[in-house]
Amino acid sequence: MEPWGRLVVLAVAITAVVSSPLANKLQPGKEWPTRNSVQQPQDVWLQLQTSTTDASDLSTTELPPEEQTDAAIEAIEVTTEENNVILRTSDSENDPLEAVVPTEESNDILVKSLEESEKVDYSGAQVWKVPTSSSKVRSLLGNLRSRNMISPWGGNHSYIDLLVKPEAINNVSQELRKQSVPFDVIIVDLQKRIDEENPPLDENEIELQDRQGHRMTWKQYHRLTDIHGFMDYLAKTYPRIVSVNTIGKSFLGRDLKVLRISDGKPTNKAVFIDGGIHAREWISPATVTFFINQFAENFDEESDDVKNIDWYFLPVVNPDGYEYTHQVDRLWRKNRRPAGTRQCLGTDLNRNFGHHWGGKGSSGNPCSDIYRGSKAFSEPESKAVSDFILNSAAEFKAYLTYHSYGQYLLYPWGYDDAVPPDYKDLDIVGKEIAQEIQRVGGSKYTVGSSSGVLYPASGGSDDWAKAQGIKYSYTIELSDTGRYGFILPTSFIEPVAKESLAGLRVLARKLNEA
Ligand code: 0X9
Ligand code: ZN
């Protein structure tokens with residue numbers, strides 16, 4: 001370009017920037033302020049795409065040698081016959097998959113190759129509840145787990161729920177009986193439960209769906225397209241208060257969609273809520289979308305406590321895992337990014353955040369369900385959440401992450417048996433929320449620090465959010481307490497979501513009081 005041409009472009013650019021209104025004066029719902037845009041408005045999406053977060057200053061813990069990922073692990077090469085595209089090569093120092101940016105075409109191929117497998121069949125598998133107070137039992141269970149006979153579902157300091165594979169049932173029960181360990185069989189035939197969990201809608205419900213402009217109901221667990229279609233519908237229908245933005249893409253190229261509900265008052269506080277970090281916890285996206293529906297459809301009737309908050313919702317943090325649980329393996333937990341071994345893939349996104357990443361309760365073994373990834377924020381999904389929160393000009397006062405199951409309201413820290421200095425504030429508000437949940441719906445929630453109530457687990461999103469200065473950071477483990485576990489029948493969706501909404505309103509009130 002000629003020098004004068006450059007000058008003209010520069011002049012136009014300067015005029016555009018100078019004459020743009022400041023972000024906090026923009027139409028409510030139209031633009032989301034980022035940290036930079038308050039002084040110098042730019043395209044918010046350009047900023048998000050080009051922003052980088054330096055994870056190197058996040059504290060990490062030295063890993064025990066047995067937990068370190070085998071450096072010799074081979075990287076995977078995914079090639080296709082038609083176009084011979086090599087998607088992955090193996091020579092990056094830390095993470096052989098890091099440099100890969102899948103194209104739309106390569107994505108399609110990858111999605112197909114990873115997801116067009118047969119459905120995993122859990123016929124004959126059972127779920128047992130076993131007390132874990134004695135160390136003898138814990139080491140026995142560790143042994144059975146390493147022999148791949150059981151896999152943990154849930155639990156706390158005193159008991160554990162175990163999935164027992166059909167071929168291991170006799171063996172495991174003999175071993176437990178030998179040690180006089182009592183156990184309850186909670187689910188006798190897991191596949192039967194899975195088959196009954198999410199029946200198709202009846203004719204009336206389908207008719208209703210057709211009339212309402214989106215396909216979302218709270219009578220069924222929905223696929224990602226229904227959830228995203230619902231979010232887009234609300235943004236189109238209520239443009240004054242609702243807006244949707246894609247804050248990044250999952251490994252397989254799916255959108256990470258955030259919906260904001262805000263009347264644009266500059267004095268509003270901000271709250272970030274996510275769901276679906278763990279793929280199989282279907283009640284979580286169902287509950288978060290229920291909140292969205294309630295606030296968007298009835299905003300004018302909502303209390304000032306609710307209207308004085310800018311709400312940001314990301315209902316499905318792990319869309320690849322979520323879709324995989326619908327299509328292939330109902331009990332998948334992690335994301336779907338290859339981890340550098342031929343046999344295993346996926347990272348536990350709730351072990352991949354950058355506060356004390358790599359510490360207790362996480363694993364360096366890519367085959368583990370609590371695999372932490374190759375470094376903090378190695379995964380596009382957790383990175384997108386952290387970039388979004390860090391780059392937003394919104395001052396988040398609360399971060400809520402919905403999981404299941406167990407009925408716990410947990411505050412930091414999760415990485416170790418410790419609590420933050422202001423834990424009493426979190427405990428008081430947590431207990432008020434729990435009380436309201438019980439009053440409205442009858443479910444009893446246990447409130448406490450997650451390391452204290454459950455077990456230490458590092459790299460959680462709640463710890464990271466708290467470490468960024470977001471005061472009220474909670475993990476909420478929704479219903480139930482183990483009768484159905486992850487396979488919660490659809491008849492639970494509305495009651496669980498309603499009582500959770502009542503709890504959320506208490507949080508809104510507390511934030512407004514503060
Ligand atoms: O282990 C987890 O990631 C959470 N439980 S779940 O059954 N949904 O997997 C609890 C996370 C609590 N928070 C932290 N440990 N930071
Ligand atoms: Zn979870």
Side-chain angles (χ1 to χ4, degrees), residues 58-59 61 127 151-157 159-163 274-288 315-318 321-322 325 331-335 346-363 368-373 376 379 381-382 385-386 399-420 423 426 430 445-468 470 472-482 484-488 496:
L58 298 161
S59 55
T61 315
V127 179
S151 59
W153 255 33
N156 56 28
H157 282 304
Y159 74 86
I160 187 164
D161 293 342
L162 299 173
L163 187 161
D274 70 39
I277 283 189
H278 289 141
R280 63 191 174 188
E281 298 165 9
W282 284 5
I283 188 65
S284 158
T287 300
V288 175
V316 191
V317 178
N318 177 10
Y322 185 71
T325 56
L331 292 172
W332 189 258
R333 168 181 167 96
K334 304 186 283 180
N335 75 351
T347 292
D348 182 350
L349 297 176
N350 216 29
R351 301 292 181 275
N352 191 240
F353 282 73
H355 188 66
H356 288 268
W357 176 86
K360 289 185 185 171
S362 71
S363 169
S368 165
D369 248 355
I370 51 169
Y371 176 54
R372 60 175 85 101
E379 306 308 299
E381 299 87 359
S382 48
V385 171
S386 97
Y399 167 81
L400 305 185
T401 179
Y402 284 84
H403 288 247
S404 75
Y405 60 95
Q407 292 173 200
Y408 298 108
L409 227 151
L410 307 168
Y411 49 80
W413 302 110
Y415 73 87
D416 209 342
D417 222 338
V419 284
Y423 84 96
L426 280 89
Y445 276 66
T446 306
V447 181
S449 76
S450 63
S451 51
V453 171
L454 294 186
Y455 38 77
S458 48
S461 64
D462 50 359
D463 279 6
W464 177 83
K466 179 69 183 167
Q468 305 317 302
I470 304 179
Y472 291 100
S473 171
Y474 295 100
T475 291
I476 297 155
E477 299 279 357
L478 294 165
S479 290
D480 61 5
T481 53
Y484 294 99
F486 303 118
I487 318 299
L488 198 68
V496 167

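One-based numbering, in listed order, for ligands and for the atoms of each.
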min-distance protein heavy atom vs atom 15 (N) of ligand 1 -> A457 O, 3.0 Å
Short version for S461: what comes under 4.0 Å of ligand 1, heavy atoms counted, is neither
Tell me, do S151 and L163 make a side-chain contact under 4.5 Å, heavy atoms counted? yes
Quick one: which ligand 1 atoms are inside 4.0 Å of a heavy atom on R351? 1 (O), 2 (C), 3 (O)
Quick check: closest heavy atoms across F353 and S382, and the distance to 0.1 Å? CE1-CB, 3.5 Å
Go through ligand 1 atom by atom and flag the ones less than 4.0 Å from a non-hydrogen atom of S450. 12 (C), 13 (N), 14 (C), 15 (N)
Tell me how many protein N, O or S atoms are closer than 2.8 Å to the Zn ion (ligand 2). 4
N350 heavy atoms within 4.0 Å reach ligand 1 at atoms 2 (C), 3 (O), 11 (C)
Tell me: protein heavy atom nearest atom 5 (N) of ligand 1, and distance? E477 OE2, 2.7 Å
May I ask you to list the atoms of ligand 1 that are less than 4.0 angstrom from any heavy atom of S404? 7 (O), 8 (N)
Candidate pair Q407 and S479, rule side chain to side chain donor-acceptor pair (under 3.5 Å), full reasoning: CA-CA 5 Å; Q407 292 173 200; S479 290; 2.8 Å; yes
Parallel, tilted or perpendicular, as decided by the 30° and 60° cut-offs, for the rings of H356 and Y415: parallel
Flag the pair Y405 / D161 as yes when at least one side-chain heavy-atom distance between them is below 4.5 Å, and no otherwise. yes
Would you say the ring centers of F486 and W153 fall short of 6.0 Å from each other? yes
Does the side chain of S461 reach to within under 4.5 Å of the side chain of Y399, using non-hydrogen atoms? yes
Look at atom 13 (N) of ligand 1 and say which protein heavy atom is nearest, naming residue and atom and giving the distance to 0.1 Å. D462 OD2, 2.8 Å
Closest non-hydrogen contact found for L349 with N318 is CD1-CB, 3.7 Å
Distance-only side-chain donor-acceptor flag, T325 / W282, under 3.5 Å: yes
Hey, does W153 sit under 4.0 Å from ligand 1 if you only count heavy atoms? no
For atom 8 (N) of ligand 1, what's the nearest protein heavy atom and its distance? E281 OE2, 3.0 Å
Go through the steps for E281 and H403 under the test side chain to side chain donor-acceptor pair (under 3.5 Å), then give the verdict. CA-CA 6 Å; E281 298 165 9; H403 288 247; 3.2 Å; yes
Below 4.0 Å, non-hydrogen atoms only: which portion of W464 touches ligand 1? Side chain, backbone, both or neither. neither
Closest contact, heavy atoms only, L409 versus G430: CD1-O, 3.6 Å
As an exercise, identify every atom of ligand 1 less than 4.0 angstrom from a heavy atom of H403. 8 (N)
Can you list the ligand 1 atoms lying under 4.0 Å from a non-hydrogen atom of R333? 1 (O), 2 (C), 3 (O), 6 (S), 9 (O)
Name of the residue among D348, D369, N335 meeting side-chain hydrogen bond (donor to acceptor under 3.5 Å, both in side chains) with H278: D348
Closer than 4.0 Å to some heavy atom of G414 - which atoms of ligand 1 meet that? 14 (C), 15 (N), 16 (N)
Would one find more than 12 heavy atoms of other residues, nucleotides or ligands at under 6.0 Å from atom OH of Y423? no
Heavy-atom side-chain contact between Y474 and T401 under 4.5 Å: no
Hey, does Y455 come in under 3.5 Å of ligand 1, counting only N/O atoms on both sides? yes
For G460, take its heavy atoms, then give the atoms of ligand 1 lying under 4.0 Å from any of them. 16 (N)
